[in-house]
J.: 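There's a structure below that I have some questions on.
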Amino acid sequence: MNEKSRPDVREQAYQIIRRFSNDSQHCLCLNGENRFFFGTEVCGVIPYTLSRGKAMSQGDPACRTEDTGILLDEYLAFCGQNGYHPVFNSVSADVADQLRLKGLRVLKYGEEAILDLGSYSLSGGKKGALRRNTAKLNRAGVTLEEYRPEEARDIALEREIAGLEEQWYAGKRLRLTYSVGDLHFEEPYGRRYFITRDAEGELQTVLSFLPYHRGRGYCVDVMYRRPDGLTGAMEHAIISAAMKMKEDGVEEVSLNIAPLAGIDVSKPDTNWVERLMYAIYQNMDFGYDFKNLYRFKSKFGPTTWKMRYLVYDPKMPLLNLALSITNTKGVRNIRFYLRYARFFASLFLYPERYRKHNTK
């Protein structure tokens, strides 16, 4: 069953995700831009969006683990009947293995940074700067507050947050919407929202976290900070929110996925798509600065880096696949397309320009 994203259909999808959620990416898909494929033989859902002939999904299917193969077969049949090229973005190793056996191609897409709150701490030399900055902002009077719109809406606060959001995006060339979420105060779907203020009460940061593992895990989604705000304010906010959730019994926090990180182009069987992904990671920062995003997540010294994979229809055209890799669903900016098209042409005409060491 293929349904557009009406509120009642999103609620149906949410109830399935809430019941079976084991993936940090699930609740990211509960927005007005997604469609939902519901299983008929098994109880499950695959959120997806249509873009340039692609059916693009994010994360693993939401269903019982033993039903994954059946749900994938139903979804692939649906894509075939409608002439869609399926693209599975950021799936786990287990799902990638199943899709490989069904004739799709699998590539490493990136790495997800996980903080195991049971063992995580700020001790250790590698976290020295993070530890000092967090302590410095605590001493300066920066405080964390949690906002719970499901209990009671605070319209004045939401206006304040909207003002900070506008400041945050004012200097951005593009606002991507594929794997970057929104705040959704009207339909929180279990999100947790945190803000930080300085000693004068000035709003410094806004964070939202998506639930998974039935609330035992939360994945950071939206991150806004005051552009002229305190140095280290976002790092302080993430650590403070994680520690608050730990007090509440949360077991792990995902810092979400660092796309294209850790792709190894030194291996002898490296293919052209991996080289393309690596070149994008090393050279492109228009719309999405992949390299700096990885570096930001690395500051926290994640307990685990979990591998994520891109799985796609091998018949998909190059440019269409490349735009999937860069997480650009919904972008309607001609400068973006021209910038990436020019880069791809240059990459294939002059590949020696983009040969760099295989480093993150």
Side-chain angles (χ1 to χ4, degrees), residues 112-149 151-152 154 156-172 181 183 185 191-211 216-256 258 289 291-305:
E112 182 179 9
I114 303 293
L115 308 183
D116 180 348
L117 298 183
S119 60
Y120 184 78
S121 75
L122 293 180
S123 62
K126 292 183 178 180
K127 299 175 193 169
L130 180 64
R131 183 171 59 249
R132 289 189 294 273
N133 283 337
T134 300
K136 179 180 178 181
L137 292 186
N138 283 334
R139 290 194 299 272
V142 177
T143 56
L144 178 82
E145 304 170 25
E146 184 167 4
Y147 174 45
R148 297 182 174 90
E151 297 177 6
D154 185 336
L157 174 59
E158 290 181 18
R159 289 197 187 104
E160 191 178 7
I161 290 171
L164 181 58
E165 178 183 3
E166 186 176 347
Q167 291 181 50
W168 172 244
Y169 280 114
K172 306 292 180 183
L183 290 168
F185 291 134
R191 287 175 172 84
R192 295 187 70 167
Y193 301 93
F194 295 92
I195 65 171
T196 59
R197 297 184 184 276
D198 62 20
E200 287 71 43
E202 193 87 32
L203 189 62
Q204 291 289 314
T205 66
V206 177
L207 290 169
S208 75
F209 291 82
L210 302 166
R216 296 197 300 274
Y218 279 84
C219 177
V220 67
D221 180 23
V222 171
M223 299 187 294
Y224 302 143
R225 64 175 175 81
R226 183 171 297 282
D228 59 351
L230 299 171
T231 301
M234 185 55 72
E235 291 88 338
H236 170 270
I238 290 173
I239 290 297
S240 300
M243 294 302 103
K244 172 63 173 67
M245 287 190 281
K246 179 180 179 179
E247 293 175 3
D248 298 338
V250 175
E251 297 172 4
E252 70 176 41
V253 165
S254 167
L255 301 182
N256 219 316
D289 193 336
K291 189 182 293 188
N292 279 335
L293 183 62
Y294 171 79
R295 289 171 176 164
F296 176 77
K297 296 177 192 296
S298 297
K299 289 182 184 181
F300 295 87
T303 313
T304 306
W305 286 96

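Computation of the quantities below employed the complete heavy-atom set of this structure, encompassing side-chain atoms and omitting hydrogens, waters and symmetry-equivalent molecules.
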J.: To the nearest 0.5 Å, what is the distance between CG (D198) and OG1 (T143)?
T.: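 The CG atom of D198 sits 8.5 Å away from the OG1 atom of T143.
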J.: Nearest 0.5 Å, please: how far is CG in L293 from CZ in R295?
T.: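 That separation rounds to 11.5 Å.
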J.: Short question: side chain of R131, backbone of G124 - any donor-acceptor pair under 3.5 Å?
T.: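 Between the backbone of G124 and the side chain of R131 there is a qualifying donor-acceptor contact (under 3.5 Å).
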J.: Counting C-beta onward and ignoring hydrogens, is there a side-chain heavy-atom pair between E160 and I195 closer than 4.5 Å?
T.: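 The answer is no, as the side chains (C-beta and beyond) never meet within the 4.5 Å cut-off.
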J.: Apply side chain to side chain contact (heavy atoms under 4.5 Å, CB included) to the pair L183 and I161, showing each step before the final yes or no.
T.: CA-CA 10 Å; L183 290 168; I161 290 171; 3.6 Å; yes
J.: Counting C-beta onward and ignoring hydrogens, is there a side-chain heavy-atom pair between L130 and I239 closer than 4.5 Å?
T.: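 Contact flag for L130/I239 side chains = yes.
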J.: Under 3.5 Å, is there a donor-acceptor pair between the side chain of K246 and the main chain of A241?
T.: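 Side chain of K246 to backbone of A241, a donor-acceptor pair under 3.5 Å: no, none is there.
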J.: Please determine if E252 and R216 form a salt bridge, counting it only when a charged side-chain N lies under 4.0 Å from a carboxylate O.
T.: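 No, this pair does not count.
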J.: How about M245 and E247: do any of their side-chain heavy atoms sit closer than 4.5 Å?
T.: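 When only atoms from C-beta onward are counted, E247 and M245 do not touch, as no gap falls below 4.5 Å.
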J.: Atom NE2 of H236 and atom CZ of R225: how far apart are they, to the nearest 0.5 Å?
T.: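 Rounded to the nearest 0.5 Å, the NE2-CZ separation comes out at 15.0 Å.
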J.: Against R197, only a single residue in E202, E145, Q204 fulfils side chain to side chain contact (heavy atoms under 4.5 Å, CB included); can you say which?
T.: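 The residue from E202, E145, Q204 that satisfies side chain to side chain contact (heavy atoms under 4.5 Å, CB included) with R197 turns out to be E145.
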J.: For V222, does its backbone N or O pair with a side-chain atom of S208 as donor and acceptor, under 3.5 Å?
T.: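 Yes; at least one donor-acceptor contact below 3.5 Å.
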J.: Tell me whether the centres of the aromatic rings in F300 and Y120 are closer together than 6.0 Å.
T.: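 No - the distance between ring centres of F300 and Y120 does not fall below the 6.0 Å cut-off.
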J.: To the closest 0.5 Å, what do you measure between CD1 (I238) and NZ (K299)?
T.: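 Separation between the atoms: 9.5 Å.
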J.: Assess the residue pair E112 and T304 against the criterion (side chain to side chain contact (heavy atoms under 4.5 Å, CB included)); give the C-alpha distance rounded to whole Å, side-chain angles, the decisive distance to 0.1 Å, and a yes or no.
T.: CA-CA 8 Å; E112 182 179 9; T304 306; over 6 Å; no
J.: Keeping the roles fixed (side chain from S254, backbone from C219), state whether a donor-acceptor pair exists under 3.5 Å.
T.: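 Checking the backbone N and O of C219 against the side chain of S254, no donor-acceptor pair under 3.5 Å is found.
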J.: Within the 4.5 Å heavy-atom criterion, are W168 and M223 side-chain neighbours or not?
T.: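 No, their side chains stay 4.5 Å or more apart.
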J.: Would you mind reporting whether I114 and V253 have side-chain heavy atoms less than 4.5 Å apart?
T.: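 No. Closest side-chain heavy atoms not under 4.5 Å.
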J.: Of all the heavy-atom pairs spanning V250 and G217, show the shortest one and how long it is.
T.: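 Reported closest heavy-atom pair: CG1-CA, 4.2 Å.
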J.: Between the main-chain N or O of L255 and the side-chain N or O of K297, is there a donor-acceptor pair closer than 3.5 Å?
T.: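 Yes: the side chain of K297 pairs with the backbone of L255.
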J.: Salt bridge or not between D248 and R192? Use side-chain N to carboxylate O under 4.0 Å.
T.: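 The answer is yes: the pair qualifies as a salt bridge.
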J.: Hey, would you say the Y193 and F209 ring centroids sit under 6.0 Å apart?
T.: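 No, they do not, as the ring centres are separated by 6.0 Å or more.
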J.: What are the two closest non-hydrogen atoms of A140 and A199, and how far apart are they?
T.: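 Shortest heavy-atom contact: O-CB, 3.5 Å.
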J.: How long is the straight-line distance from CG of L210 back to CG of N256, given to the nearest 0.5 Å?
T.: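 Rounded to the nearest 0.5 Å, the CG-CG separation comes out at 7.5 Å.
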J.: Within the 4.5 Å heavy-atom criterion, are S298 and W305 side-chain neighbours or not?
T.: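 Yes. Closest side-chain heavy atoms under 4.5 Å.
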J.: If you define the side chain from C-beta out and look only at heavy atoms, does anything of M243 sit under 4.5 Å from L117?
T.: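 Heavy-atom side-chain distance check passes, below 4.5 Å.
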J.: Search all heavy atoms of K127 against all heavy atoms of L122 and return the closest pair with its distance.
T.: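 Minimum heavy-atom separation between K127 and L122: CB-O, 3.6 Å.
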J.: For T205, is there any backbone N or O sitting under 3.5 Å from a side-chain donor or acceptor partner on R226?
T.: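 Between the backbone of T205 and the side chain of R226 there is no qualifying donor-acceptor contact (under 3.5 Å).
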J.: In Å, rounded to the nearest 0.5 Å, how long is the span from CG of L203 to CD of E165?
T.: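 Reported value, rounded in 0.5 Å steps: 11.5 Å.
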J.: Apply side chain to side chain donor-acceptor pair (under 3.5 Å) to the pair E158 and Y147, showing each step before the final yes or no.
T.: CA-CA 10 Å; E158 290 181 18; Y147 174 45; 2.5 Å; yes
J.: Step by step, work out the side chain to side chain contact (heavy atoms under 4.5 Å, CB included) result for F296 and E235.
T.: CA-CA 9 Å; F296 176 77; E235 291 88 338; 3.7 Å; yes
